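Here is the structure we will look at.
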Amino acid sequence: MNNEEVSHEQSLVVHDLGHAAHVHHHKQSFITKYIFSQDHKIISRQFLITGIIWALIGGLFSVIFRLQLGYPDSTFPFLQDLLGHWAPGGKLDPEFYYALVTMHGTILVFFVLTAGLSGTFANFLIPLQVGARDMASPFLNMLSYWFFFSASIVMFCSLFLQTGPASGGWTIYPPLSALGDAMSGSKTGMDMWLASMGLFIISQLLAGLNYITTILNMRTKGMSMTRLPLTIWSLFFTAVLGVLSFPVLLSAVVLLLFDRHLGTSFFLSDIVIGGKILPNEGGSPILFQHLFWFLGHPEVYIIALPAMGITSEVISVNSRKPIFGYMAMVGSFFAIAALSFMVWAHHMFVTGLNPFLGSFFVLLTLLIAVPSAIKVFNWLTTLWKGSIRFTPGMLFAIGFVSLFISGGLTGIWLGNSSLDIHLHDTYFVVAHFHLVMGVASMFGMFAGVYHWFPKMFGRYMNNTLSYIHFWITIAGAYCIFWPMHYEGLAGMPRRYYDFSNWESFKMFGGLNEFISVVALIVFATQLLFIFNFFYSIFKGRKVTTPNPWGATTLEWTTPIRPGHGNWISEIPEVYRWPYDYGKDGRDFIPQTEPVGENENRH
Amino acid sequence: MIAVMKEQKNKIHPHKFTLWVALASIVMMFTGFTSAYIVKRNMANWISFQLPKIFWYSTAVIIISSITIILSRNCFRRREMKQYRLWLASTLVLGVIFVCLQYIGFTQLWHSGITLTKNVSFSFLYIIVGLHAVHVLGGVIALLVVLIKAYNVKRKNYNIVPVDLMNTYWHFVDLLWIYLLLFLVMIR
Ligand code: HEM
Ligand SMILES: [Cu+2]
């Protein structure tokens, strides 16, 4: 930190003298440059690569439990080689099925789509797009990655426990999560889940503090808030949501730890395990659900907002048109962020919540559809009559819009408490949130990776592989999750190990098999992406122009491979908003170009 | 970074701003506890409790410590480093005394039969007061670091920012305690 300030001070002084200044390169070893780096661009790549590894693990888990769901009567001997005592004779152990589902959710929601998504793009884009040399506190930033890394290690180790990792669902409702005797996954696995999540929360708080401060305080000259690219606005609201909601999850974690180890009864009351009556009295599991979903709902927007920001930016750049309704976009970000703190109980309509209270939450929940619809409308109108370039990034951004519409519409069904009585905890919910959050935000992440890969690594990814990746993934995503709506409407519950005992669900046997096959294909396609990603880092076509997409934003004014400090000389000044595409007969006008005399203001 | 800061002299220092956001998130954590407390209190099986008297003494101690840290900052601004160190050290001592008093309060509660697991209300009491004390302890450690730096004669440092940060945090834990105390007295 101090070194940093000194080095910048020097380059500033050099500049004042009017010489061409050089970025000050202090001698760095491999360790300080790539491992304990304080450079936001390196930290961003660390988040991205850790996220990719987690996505691989989490995705693999889903393939394994899809095998069980698609072929409940078959055995897969290779599973025994892979999982040992968790798949005796090649048949998945029911306890481990729950462990896999739980870990799949935890990993994808927290480690991939929270840390991997905003960790990557907030770190990479905030300093580059607001015009700063680094984050407000590069040290805290580094710390945030290493807390995430330790959280990852703890969670990863828990996978190898004799009693298995946490198995009570990613929402860790008590009593399963509060009583070690409830099931084998409630023992050490649950403790490690809580420890890992504690570390994770600290990492997210440190990160969020930095993002907010950097955006509000470190903008370059001329970069007023209304000249910020929408990516930055989305990352700003994401950070605000995180800083205000993760602490509440931390309180829930603390209370849960007390219940587990010190005999308190916050969430426990009148429980009989194996014929033994427990002494706990007076607690309430609903209380936990309130605390969890007070984080949990903002959390889903922590996942969605960065993807929305990336989509807005990529769509505008590749339509060669200004984003439609910039202020409406900012306003709807704000509305979504504010409302997301007031709707949490829609996850609890049928868990004993007072129905009178429920009706307020119905209203507020349905209100969220308004800002969401505004965003969709603006993306579509931006695309409308644009000179669209179908780059891989653009395809994934359009894919995001499609998936967000499909998944968002079912949200409106679920938001009606009376419909939710029928739909709650069925595959309908699974379909809803995978389309609107899971797959859609993965698409936002892919869009970002493809779009900013040239800036991150100075090379391009292979286009053919990218197109194959896109088309199989989008077709596959719909093939997997669309049929789940029908299963859910028919009442098929989620999180069940085997449905063949029910006469009424026998008709879905073939469908489940179909879904599993597609899931396998889609998973294999992601390996293609991972290959493309790592191959291109070292062997991809080199970027030769600083601004390959013809974009207006500041990150493309840096050298092709920016060093520590981003700009070689002075940080450029900003004179206009970031969406001057196709203006006054020009393809695009960079933010750094002063407004001409005869130019109309936007 | 300095370059940017220089351009924006009138703006709040980024580190101070970061601290304010961090305080907001600590507030959210305690909001989580206190709202859980209120929800739980409206359910069956809630035994109300009497706070030990010693908590009022500890309140006085932490309020005085807020005053001493203000005095230390004033001395720092006048470059009276010896006075500054003295007031800082007294703040630290008062902070330690506060934590000890809380601990004594806990043992008194325990002996009067208000134990951690007997009733949910008692569990909440221990957790809320205990976590606040942890935040004070964090402040004490930070004070210690600042104090050691202040005794380092080789490197003279007249940068007010760390002093301001320390002040803000300390007043925060003070106000947080007063709020929690009133909360626990009025709603039990
Ligand atoms: C149009 C706006 C939306 C509405 C009205 C809505 C409504 C709902 C409702 C009522 C549920 C509870 C269903 C149940 O458990 O019975 C639900 C579940 C869920 N929603 Fe949405 N939703 C919307 C958009 C979103 C978005 C944008 C995301 C994420 C980016 C999201 C993520 C989720 C998740 C993850 C769950 C399931 C959590 C679980 O039980 O495991 N939703 N939604
Ligand atoms: Cu929700």
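The structure displayed is predicted, hence computed values, not measured ones. Residue numbers start from 1 in every chain, and the chains themselves are labelled A, B, ... in the order their sequence lines are given, proteins ahead of strands.
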List the steps, then state whether side-chain contact (heavy atoms from CB on, under 4.5 Å) holds for B:F17 with A:I212.
CA-CA 9 Å; B:F17 189 82; A:I212 297 174; 3.7 Å; yes
At a heavy-atom distance under 4.5 Å, which candidate from A:L205, A:V240, A:L255 has the highest pair count against chain B?
A:L255
B:S123 vs A:F258, side-chain contact (heavy atoms from CB on, under 4.5 Å): CA-CA, chis, key distance, verdict:
CA-CA 9 Å; B:S123 316; A:F258 269 77; over 6 Å; no
Rounded to the nearest 0.5 Å, what's the gap from CD1 on A:I201 to CE on B:M29? Could you check?
10.0 Å
Which heavy atom of B:G32 sits nearest to which heavy atom of A:V248, and what is that distance?
CA-CG1, 4.3 Å
Side chain, backbone, both or neither of A:L262 within contact of chain B (heavy atoms, under 4.5 Å):
both
So for atom OH, which belongs to B:Y57, do other residues, nucleotides or ligands contribute more than 12 heavy atoms lying within a distance under 6.0 Å?
no
Go through the atoms of A:L291 and report whether side chain, backbone, both or neither lie under 4.5 Å from a heavy atom of chain B.
side chain
Spacing of A:S284 atom OG and B:N42 atom CG [to the nearest 0.5 Å]:
11.5 Å
Walk me through it: do A:S245 and B:M28 pass the test side-chain contact (heavy atoms from CB on, under 4.5 Å)?
CA-CA 7 Å; A:S245 65; B:M28 281 310 287; over 6 Å; no
Partner chain B: residue of A:F294, A:F266, A:F288 with the largest heavy-atom pair count (under 4.5 Å)
A:F266
Measure across B:P14 and A:M218 and return the closest heavy-atom pair with its distance rounded to 0.1 Å.
CG-SD, 4.0 Å
With rounding to the nearest 0.5 angstrom, report the CG to OG1 distance, A:N280 to B:T117.
9.0 Å
Cut-off 4.5 Å, heavy atoms of chain A, and the answer for B:F124 is both
Applying side-chain contact (heavy atoms from CB on, under 4.5 Å), run through B:F122 and A:T264 and close with a yes or a no.
CA-CA 9 Å; B:F122 306 161; A:T264 55; over 6 Å; no
Interchain contact, B:V39 with chain A, by part (heavy-atom threshold 4.5 Å):
side chain
B:I12 and A:N217: which non-hydrogen atoms are nearest, and at how many Å?
O-OD1, 3.5 Å
Side chain, backbone, both or neither: which part of B:I127 has an atom under 4.5 Å from a heavy atom of chain A?
side chain
Within 6.0 angstrom of B:W46 CH2, more than 12 heavy atoms from elsewhere:
yes
Got more than 12 heavy atoms from elsewhere within 6.0 Å of CH2, B:W177?
yes
